[in-house]
**Student:** 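Can you keep this structure in mind? I'll have questions shortly.
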2 protein chains.
Amino acid sequence: MRVIISLTEENYLKAIYTLSHLFEESEVSTNQISDHLNNKAATVTDMLKRLSEKKLIHYIPYQGVKLTEKGRQTAIKVVRKHRLWEVFLVDKLQFKWDEVHEIAEQLEHINSDELIQRLDKFLGKPKFDPHGDPIPDANGQLNIVKAIPLNQHKIKGLFTFVGVCEHSKTFLQHLTSIGLKIGDTLKVEEINEFDNSFKVKINKNNSQFFSNKVASNILVEIKK
Amino acid sequence: MRVIISLTEENYLKAIYTLSHLFEESEVSTNQISDHLNNKAATVTDMLKRLSEKKLIHYIPYQGVKLTEKGRQTAIKVVRKHRLWEVFLVDKLQFKWDEVHEIAEQLEHINSDELIQRLDKFLGKPKFDPHGDPIPDANGQLNIVKAIPLNQHKIKGLFTFVGVCEHSKTFLQHLTSIGLKIGDTLKVEEINEFDNSFKVKINKNNSQFFSNKVASNILVEIKK
DNA sequence: ACAAATTTTTAGACTGGTCTAAATTTGATC
DNA sequence: GATCAAATTTAGACCAGTCTAAAAATTTGT
């Protein structure tokens, strides 16, 4: 009685999963999905009907959708595979962190439980991907230590850079160009009221300014 | 002006490539392809028209097909990816040689030149896959040292086991169960006329009998 | 050389995934 | 609570890839 889930359906489930976690756990609208996947609302409606028939989502016309437990399991497995492959690409094949997304989008649909279990072991059962995003474990459990963007801490002091919100190539390349990597220590020396920019020292280097836009996309933890 | 080649089209090209090399380099028929891919002849005809329009094959109705240079390059790239991924699965993830085919069938369609170049380097630029099949290089060149099945050597003496003809799980598991691995030395001690079976010693172990069916699917080189 | 058997192609239909254009529902505003 | 704009769904179309059934071409056997 196993339902077959196509690559396209997997992508819809992943999109719904991602969108529902953007702010609070919540319902996702047809338009949000069509924006995210770059296709038309009518197309999304058709797919929602199919996913609903397969019991992968709860769908009430005009009301938005939520994943069922089965849908959530499927989505999180795709996320797990995506993030594990990103670790493989960076750690083993020496790709840069801004180069791996498109390839992982393909690899995440390879279907073999045995493969993913062995890959996980081969990589040393990593807990985070190269962008600091947590990797769900084999049971679909996720480390929920959600870090907070730098600009939301309104205090000076020491932080550890643990992840990014924005995953675009240009943003990641920008961070690389200013010399910032996951795990670095950030010392916030000044917070400018008028434009919400931050004067920050990376590790022991010279201080530089982070715009609010940069600071809002950098996830940090207070350094112990 | 780059033509997009779908996963399905890649599989047809690979099938044509494989079938055309089975005996001599030759034309491939519609029925051969439909048998190989387990679909109907009518389906194959449709696809042949499409591949022909894309200049990937030379197709004359009722006459069979041959790959164009572009088609051959595409097919051989898929073969290269398949075999490199098989090496990865066996060497890095410790899969057994009879477990990797289905997974590699999926991985062979991942589309990234950079990925395959880095994977090749990571694996140490292997020349052969776990079944002894040669891996085409990045330019589509293939080691053409075609080994010969054991049963075609009508002489006793020492051989090296370099590959298999048959790739089925059951055959590979059979070889494993009799303790035979790529690279092993085979000493042919007797050839029985009446059933064409072979009495063979693997490395320094006890002698055993190979049926003609086994001997015909084992590729060997005369040991220097 | 011609009829029979086989192979291949054509015709027409279906599914998944997409689209545009039109109709419907929701919900915000006055 | 009636109206209007935005969001969503329905209707109808298209393409890729598959099928079955029927027609056409090729090959084979006597």
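Below, read A as the first sequence line, B as the second, and so on, with proteins coming before strands; counting in each chain starts at 1.
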**Student:** Between B/Gln32 and A/Thr8, which has a closest nucleotide on DNA chain C that is more 5'?
**Tutor:**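 Comparing both residues, the 5'-ward one is B/Gln32.
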**Student:** Could you state the atom-to-atom distance from CG of B/Asn39 to C1' of C/dT8 in whole Å?
**Tutor:**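 Atom-to-atom, B/Asn39 to C/dT8, this comes out as 14 Å.
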**Student:** Between D/dG17, D/dT18, C/dT9, which nucleotide has the shortest distance from any of its atoms to the side chain of B/Tyr12?
**Tutor:**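 Among D/dG17, D/dT18, C/dT9, the one nearest the side chain of B/Tyr12 is D/dT18.
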**Student:** Rounded to whole Å, please give me the gap between NZ in A/Lys54 and C1' in C/dT15.
**Tutor:**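 A/Lys54 atom NZ is separated from C/dT15 atom C1' by 11 Å.
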**Student:** Less than 4.0 angstrom between a side-chain N/O of A/Tyr62 and OP1 or OP2 of D/dT10, yes or no?
**Tutor:**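 No, outside the criterion.
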**Student:** In terms of ring plane angle, is the pair B/Phe159 and B/His153 parallel, tilted or perpendicular, where the classes change at 30° and 60°?
**Tutor:**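 Judged by the thresholds at 30° and 60°, the geometry between B/Phe159 and B/His153 is tilted.
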**Student:** Inspect the contact between A/Lys14 and A/Glu105 and indicate whether a charged nitrogen and a carboxylate oxygen are less than 4.0 angstrom apart.
**Tutor:**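 Answer for the salt bridge query: yes.
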**Student:** Look at atom CD1 of A/Ile155 and say whether more than 12 heavy atoms of other residues, nucleotides or ligands are closer to it than 6.0 Å.
**Tutor:**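 Yes.
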**Student:** Quick one: is D/dG17 close enough that its OP1 or OP2 comes under 4.0 Å of any side-chain N or O from B/Ser6?
**Tutor:**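 Yes.
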**Student:** Got a second to check how far B/Leu89's CG is from B/Lys96's NZ, nearest 0.5 Å?
**Tutor:**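 Rounded to the nearest 0.5 Å, the CG-NZ separation comes to 13.5 Å.
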**Student:** Taking atom NZ as the centre, does A/Lys66 end up with more than 12 heavy-atom neighbours from other residues, nucleotides or ligands that are less than 6.0 angstrom away?
**Tutor:**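 Incorrect, the count does not exceed 12.
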**Student:** Residues of residues 41-51 of chain B with any non-hydrogen atom less than 4.0 angstrom from an atom of DNA chain D: list those, numerically ordered, please.
**Tutor:**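 The answer is B/Ala42, B/Thr43, B/Asp46, B/Met47, B/Arg50.
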**Student:** Grab the CG-C1' distance between A/Leu7 and C/dG17 for me, whole Å please.
**Tutor:**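 Taking atom C1' of C/dG17 as the reference, CG of A/Leu7 is at 12 Å.
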**Student:** Over how many whole Å does the gap from A/Asn11 atom CG to C/dG17 atom P extend?
**Tutor:**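 Rounded to whole Å, this separation is 11 Å.
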**Student:** Atom CD1 of B/Ile4 to atom C1' of D/dC15: distance rounded to whole Å?
**Tutor:**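 Value for this atom pair: 14 Å.
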**Student:** Using whole Å, what does the distance between atom C1' of nucleotide C/dT9 and atom CD1 of B/Ile33 come to?
**Tutor:**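 It is 14 Å, rounded to the nearest whole Å.
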**Student:** Rounded to the nearest Å, what distance is computed from the CD1 atom of residue A/Ile60 to the P atom of nucleotide C/dT26?
**Tutor:**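 For the pair A/Ile60 CD1 and C/dT26 P, the rounded distance is 11 Å.
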**Student:** D/dA25 P sits how many Å from B/Asn31 CG, rounded?
**Tutor:**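 Computing the B/Asn31:CG to D/dA25:P distance gives 18 Å.
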**Student:** Give a yes or no on whether a salt bridge exists between B/Arg83 and B/Glu86, defined as a side-chain N under 4.0 angstrom from a carboxylate O.
**Tutor:**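 Looking at B/Glu86 together with B/Arg83, the answer is no, because their closest N to O distance does not fall below 4.0 Å.
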**Student:** Can you tell me which residue pairs pass the ring pair (Phe, Tyr, Trp, His ring centres under 6.0 Å) test with a partner in residues 57-86 of chain A, sequence neighbours excluded?
**Tutor:**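 Qualifying pairs: A/His82-A/His101, A/Trp85-A/Phe88.
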